[in-house]
There are 2 protein chains.
Amino acid sequence: MNNLSNTYDEILACARSLIIAGGYNGFSYADIADVVGIRKASIHHHFPSKVDLVRTLVARYRKEAEEGMANLEHQVSDPLELLRFYTGYWEACIMDDSAPFCVCALLASQLPVLPEEVGLEVRAHFRSLSAWLTAVLERGARQGEFQLMGTPHDEAEAFMATVHGAMLSARAYGDPKIFGVVTSSLLERFSS
Amino acid sequence: MNNLSNTYDEILACARSLIIAGGYNGFSYADIADVVGIRKASIHHHFPSKVDLVRTLVARYRKEAEEGMANLEHQVSDPLELLRFYTGYWEACIMDDSAPFCVCALLASQLPVLPEEVGLEVRAHFRSLSAWLTAVLERGARQGEFQLMGTPHDEAEAFMATVHGAMLSARAYGDPKIFGVVTSSLLERFSS
DNA sequence: GTCATTCTACCTTCTGGTAGGTAGTTTGTC
DNA sequence: GACAAACTACCTACCAGAAGGTAGAATGAC
């Protein structure tokens with residue numbers, strides 16, 4: 001494979017940050033070419049079409065996210081601590097502005113105008129994140145650490161929604177701190 | 001003024017639903033022209049530039065929202081009931097697919113690539129919605145109806161974030177019901 | 001006649017994408 | 001080891017269509 005190619009990865013990294021800023025229609029091959037320092041046509045060599053590029057990018061993002069979740073569970077076992085790590089990860093990304101939004105959350109907001117193949121990947125991420133959170137909450141409830149008001153699944157959906165909404169608010173206000181405000185109030189509910 | 005013009009309003013309504021679907025870069029004057037049944041150039045007569053159109057649209061949306069909130073308070077006084085009406089309004093919009101996303105929430109997600117004038121309007125909506133929710137929660141707490149864990153402001157931010165996140169999840173899953181699942185679990189916390 | 005509205009016809013720039021070529025590296029075969 | 005074939009990564013030079021936008025002429029209501 002040509003995953004060794006530096007340019008290939010650079011294109012993906014660049015596209016990722018452009019998508020985080022403005023979504024699928026918010027960037028062009030020309031934008032990437034400018035940043036990476038190659039010509040438009042050269043991007044087509046690595047990714048024949050824009051759909052290819054974004055599908056690859058989201059697939060890779062999903063894989064990284066799933067590996068991250070699996071990895072986290074090897075290092076941390078306490079359910080509350082797991083949730084704290086998850087929100088803490090995003091808080092760090094937002095505070096240092098390195099990746100102030102989840103790629104899939106942003107793309108999901110534009111789902112009706114997304115190419116189908118990309119939409120399927122985005123949807124899959126939501127399902128896998130929800131499943132992970134459900135499992136964590138369920139375990140916390142079994143261990144008596146969490147007092148859930150609804151089913152683990154419903155609470156997981158509410159948890160995920162709040163985190164995504166907190167990203168949005170941080171962006172809307174132009175104030176990274178709001179993410180921490182919302183998520184810490186979210187975690188408090190579980191820690192009591 | 002020419003607010004009497006039917007076409008003017010039709011253009012705004014059409015642009016609104018196109019923005020709800022895909023955001024600022026997700027539609028063009030040609031798209032609107034097709035739907036409304038006029039030529040591209042005629043849209044420029046009503047809205048000289050795309051920025052004019054979207055700024056007007058968001059300003060009007062904000063005004064409607066603020067009127068809606070003020071109106072609601074004339075009809076309903078119970079804080080919990082107010083929150084229920086607010087989420088219920090969106091649940092209806094999402095279920096019948098008439099406006100399955102908040103215009104400002106969607107635009108906020110693309111804030112970094114938005115024209116500045118539009119961004120300012122979007123930000124203003126977040127502030128006014130947050131202020132209203134804060135006031136409602138504060139009143140509920142004073143009346144002893146709500147037991148808030150944080151300040152009314154922080155809880156209001158969390159509330160708003162959850163509602164926006166619930167819209168996103170409904171879209172991501174392609175399942176309108178998820179909005180109700182998340183918001184009803186949200187309301188339950190306050191009703192106990 | 002005036003004014004608002006809409007039109008046709010056009011412009012420039014950007015869009016994703018293609019064709020064809022070049023230099024350098026790998027590979028397979030003798 | 002030599003050498004041709006194939007492949008990689010990039011290039012220049014295009015293309016058709018879409019983007020937002022403009023100029024100026026018809027239309028039509030008062």
Side-chain angles (χ1 to χ4, degrees), chain A residues 1-19 21-60 107 110 112-119 121, chain B residues 1-58 106-107 110 112-119 121:
Chain A
M1 291 301 172
N2 45 12
N3 290 19
L4 304 166
S5 161
N6 198 21
T7 307
Y8 181 93
D9 289 340
E10 267 182 67
I11 293 169
L12 280 176
C14 176
R16 183 183 289 205
S17 65
L18 288 170
I19 286 181
Y24 190 84
N25 291 309
F27 78 101
S28 71
Y29 268 38
D31 296 328
I32 297 175
D34 282 346
V35 176
V36 177
I38 55 174
R39 298 301 159 130
K40 255 185 9 165
S42 307
I43 304 174
H44 284 284
H45 168 71
H46 296 281
F47 304 97
S49 77
K50 196 177 181 181
V51 176
D52 288 314
L53 169 57
V54 179
R55 198 192 345 90
T56 306
L57 182 141
V58 178
R60 190 182 269 212
L107 289 174
Q110 314 174 345
V113 297
L114 243 44
E116 205 187 331
E117 301 149 87
V118 175
E121 290 285 342
Chain B
M1 289 304 172
N2 45 14
N3 290 19
L4 304 166
S5 160
N6 197 22
T7 307
Y8 182 93
D9 289 340
E10 266 182 70
I11 293 169
L12 280 176
C14 175
R16 183 183 288 205
S17 67
L18 287 170
I19 285 181
I20 287 171
Y24 190 85
N25 290 309
F27 77 102
S28 72
Y29 269 38
D31 295 327
I32 297 175
D34 282 346
V35 175
V36 177
I38 55 176
R39 297 302 159 128
K40 254 183 9 162
S42 307
I43 304 174
H44 284 284
H45 169 72
H46 296 282
F47 304 98
S49 76
K50 194 178 182 181
V51 176
D52 288 314
L53 169 56
V54 179
R55 198 193 344 92
T56 306
L57 180 134
V58 178
L106 214 150
L107 289 174
Q110 313 176 346
V113 297
L114 242 46
E116 206 186 331
E117 303 149 85
V118 176
E121 291 284 343

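Quick note on labels: first sequence line is chain A, next is B, and so on, each numbered from 1. The figures that follow rest on heavy atoms only: side chains count, while hydrogens, waters and symmetry mates do not.
Rounding to whole angstrom units, CG of residue A:N6 and P of D:dT8 are separated by 18 Å. Distance CZ (B:R39) to C1' (C:dA4): 19 Å, rounded to an integer number of Å. Here D:dA9 presents its C1' atom at 6 Å from NE2 of A:H46, a figure rounded to the nearest Å. Taking atom CD1 of B:I43 as the reference point, atom P of C:dA4 lies 20 Å away to the nearest angstrom.
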Evaluation steps, side chain to side chain contact (heavy atoms under 4.5 Å, CB included), between A:L53 and A:I32: CA-CA 11 Å; A:L53 169 57; A:I32 297 175; 3.7 Å; yes
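Between B:Y8 and B:H46, the ring-plane angle classifies as perpendicular under the 30° and 60° cut-offs.
Taking only side-chain nitrogens and oxygens, A:T7 never comes nearer than 4.0 Å to OP1 or OP2 of D:dA9. Not one side-chain nitrogen or oxygen of A:S42 sits closer than 4.0 Å to the OP1 or OP2 atom of D:dA9.
With rounding to the nearest 0.5 Å, the separation of CG in B:L18 from CD1 in B:I11 is 12.0 Å.
Evaluation of the ring-ring contact (aromatic ring centres under 6.0 Å, His included) rule for A:F27 yields no partner, not counting sequence neighbours. For the side-chain contact (heavy atoms from CB on, under 4.5 Å) test, no residue two or more places apart in sequence or in another chain qualifies with A:A41. A search for side-chain contact (heavy atoms from CB on, under 4.5 Å) contacts involving A:P48 returns A:D52, not counting sequence neighbours. In this view, B:A13 satisfies the side-chain contact (heavy atoms from CB on, under 4.5 Å) rule with no residue, not counting sequence neighbours.
Considering all non-hydrogen atoms of both residues, B:V35 and B:C14 come closest at CB-SG, 3.7 Å.
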Per-nucleotide protein contact string for nucleotides 15-22 of chain D (B base, S sugar-phosphate only, - none; heavy atom under 4.0 Å): ----SBBB
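You'll find that the side chain of A:H45 is closest to D:dA9, out of D:dC11, D:dA9, C:dT6.
Contacts with DNA chain C (heavy atom under 4.0 Å) in residues 15-22 of chain B: none are found.
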